[in-house]
There are 2 protein chains.
Amino acid sequence: MSRKASPTRNPLLHALPTEQAQARRFGKARTARSTAILEDYVELIADLIESTGEARATDIARRLGVSHPTAINTIARLKREDLATARPYRGIFLTEKGEALARRVRARHRLVLEVLLALGVPRETAEADAEGIEHHVSEGTLKAFSEFLKESRVKKAS
Amino acid sequence: MSRKASPTRNPLLHALPTEQAQARRFGKARTARSTAILEDYVELIADLIESTGEARATDIARRLGVSHPTAINTIARLKREDLATARPYRGIFLTEKGEALARRVRARHRLVLEVLLALGVPRETAEADAEGIEHHVSEGTLKAFSEFLKESRVKKAS
DNA sequence: ACCAATATGTAGCTCAAGCTACAATTGAAG
DNA sequence: CTTCAATTGTAGCTTGAGCTACATATTGGT
Ligand SMILES: [Mn+2]
Ligand SMILES: [Mn+2]
Ligand SMILES: [Mn+2]
Ligand SMILES: [Mn+2]
């Protein structure tokens with residue numbers, strides 16, 4: 001038997017979720033945290049290629065605000081996970097898998113940003129917060145976000 | 001001079017932000033990531049104390065879905081950062097600083113959850129996503145969220 | 001063709017966050 | 001009062017993500 005103090009002692013407003021449910025939620029957040037960096041990299045690589053024609057390690061490092069060895073290490077992880085390839089002095093390229101991830105991540109980023117703006121968050125605050133929030137927005141939430149935007153655009157056309 | 005390929009080659013929709021601006025945003029997200037775990041711990045400790053009278057390392061570990069040495073290690077970090085203290089076999093306690101953080105974090109968590117629900121996100125999805133999103137929601141965004149909720153409550157009372 | 005600036009690569013470190021395996025302590029039930 | 005299950009603690013490992021310092025490679029300009 002457990003030595004825990006009497007459970008459900010305080011039947012006040014909003015009790016705790018069950019251990020299992022809470023552990024599941026925290027686990028999802030941990031997973032999201034661990035893929036957040038990969039997502040940022042593939043998104044940035046896609047953006048750089050689209051707007052400048054190439055994505056070099058140094059540029060990636062500078063835009064992320066990290067040292068270049070850090071960027072190179074993470075790019076190595078991208079390669080290991082079959083998300084990117086590199087031709088030295090010729091830039092970083094996304095694999096098919098990497099491009100697919102980049103498409104999803106970019107669409108999600110845009111949507112999250114638009115929702116924040118629609119909710120009245122100031123532009124720069126929205127841009128900054130979206131960079132972190134996006135990685136924790138699941139499909140279900142994305143769905144609701146796009147519904148909300150649709151409505152709010154209709155309402156705005158009044 | 002830089003050896004970069006011709007910059008601003010593609011003057012299409014939404015160009016990249018400046019390097020500095022983007023680095024600042026990514027840096028904020030990194031900071032948020034590194035404090036997310038501390039925030040989850042103090043919030044959970046406060047919740048456990050409030051609803052069961054105590055917060056023991058094992059319970060914390062189980063609710064987080066991690067091994068107990070992992071929880072103990074992180075609790076050591078909480079102590080180092082003057083957020084918590086522990087009396088062995090008697091549970092974890094928050095310092096003044098810890099309680100202050102817990103209050104802020106709990107209020108923020110609630111608000112984020114309510115906004116997701118108000119946007120039509122299904123309950124369990126909202127609970128799960130909020131656990132990760134909350135750590136990236138700044139003061140400015142929080143402000144906008146509470147404004148939005150105020151309006152949406154008024155509208156609902158129609 | 002050369003050279004210097006830029007880019008890339010490598011070595012080696014720190015810290016956080018996770019794990020398993022094992023040891024020690026404690027307190028509740030008999 | 002003893003015992004044993006539960007809790008806590010320790011040791012030692014892995015991986016990711018960051019850093020600095022130094023070494024090597026490439027290329028654009030002269
Ligand atoms: Mn991001
Ligand atoms: Mn992004
Ligand atoms: Mn959380
Ligand atoms: Mn929380």
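Quick note on labels: first sequence line is chain A, next is B, and so on, each numbered from 1.
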Chemist: Within less than 4.0 Å of OP1 or OP2 of D/dT27, is there a side-chain N or O belonging to A/Arg90?
Modeler: yes
Chemist: Please give, in whole Å, the distance from C/dA17 P to B/Ile60 CD1?
Modeler: 15 Å
Chemist: Rounded to the Å, how far apart are A/Glu81 CD and D/dA17 C1'?
Modeler: 14 Å
Chemist: Any donor-acceptor pair under 3.5 Å joining the side chain of B/Tyr89 to the base of D/dT7?
Modeler: yes
Chemist: Whole Å only: how far is the CD1 atom of B/Ile37 from the P atom of D/dG16?
Modeler: 16 Å
Chemist: Please confirm whether the shortest side-chain N or O distance from B/Arg80 to OP1 or OP2 of C/dA16 is below 4.0 Å.
Modeler: yes
Chemist: Between the side chains of B/Arg77 and B/Glu81, is the shortest nitrogen-to-carboxylate-oxygen separation below 4.0 Å, so that they form an ion pair?
Modeler: yes
Chemist: Please list residues of residues 66-77 of chain A whose heavy atoms come under 4.0 Å from any atom in DNA chain D, ordered by number; otherwise none.
Modeler: A/Val66, A/Ser67, A/Pro69, A/Thr70, A/Arg77
Chemist: When you check the phosphate oxygens OP1 and OP2 of D/dG18, does a side-chain N or O of B/Arg30 lie under 4.0 Å from one of them?
Modeler: yes
Chemist: Under 4.0 Å between a Lys/Arg side-chain N and an Asp/Glu carboxylate O for B/Glu127 and A/Arg25?
Modeler: yes
Chemist: A/Leu64 has an atom CG; how far is it from atom P of D/dG18, in whole Å?
Modeler: 8 Å
Chemist: Excluding sequence neighbours, so at least two apart, what forms ring pair (Phe, Tyr, Trp, His ring centres under 6.0 Å) with B/His135?
Modeler: none
Chemist: Listed by chain and number, what are the salt bridge (Lys or Arg N to Asp or Glu O under 4.0 Å) partners of A/Arg110, not counting sequence neighbours?
Modeler: none
Chemist: Reading DNA chain C from 5' onward, which residue's closest nucleotide shows up sooner: A/Thr58 or A/Arg33?
Modeler: A/Thr58
Chemist: Could you tell me the separation between the CZ atom of B/Arg56 and the C1' atom of D/dT7, rounded to a whole number of Å?
Modeler: 7 Å
Chemist: Whole-Å distance between C/dA7 P and A/Leu48 CG?
Modeler: 13 Å
Chemist: List the residues meeting salt bridge (Lys or Arg N to Asp or Glu O under 4.0 Å) with B/Arg87, not counting sequence neighbours, and say none if there are none.
Modeler: none
Chemist: Could you tell me which residues satisfy salt bridge (Lys or Arg N to Asp or Glu O under 4.0 Å) with B/Arg30, sequence neighbours excluded, listed by chain and number?
Modeler: none
Chemist: Rounded to whole Å, please give me the gap between CG in A/Leu38 and P in D/dA17.
Modeler: 7 Å
Chemist: The criterion is salt bridge (Lys or Arg N to Asp or Glu O under 4.0 Å); which residues satisfy it with A/Lys150, sequence neighbours excluded?
Modeler: A/Glu147
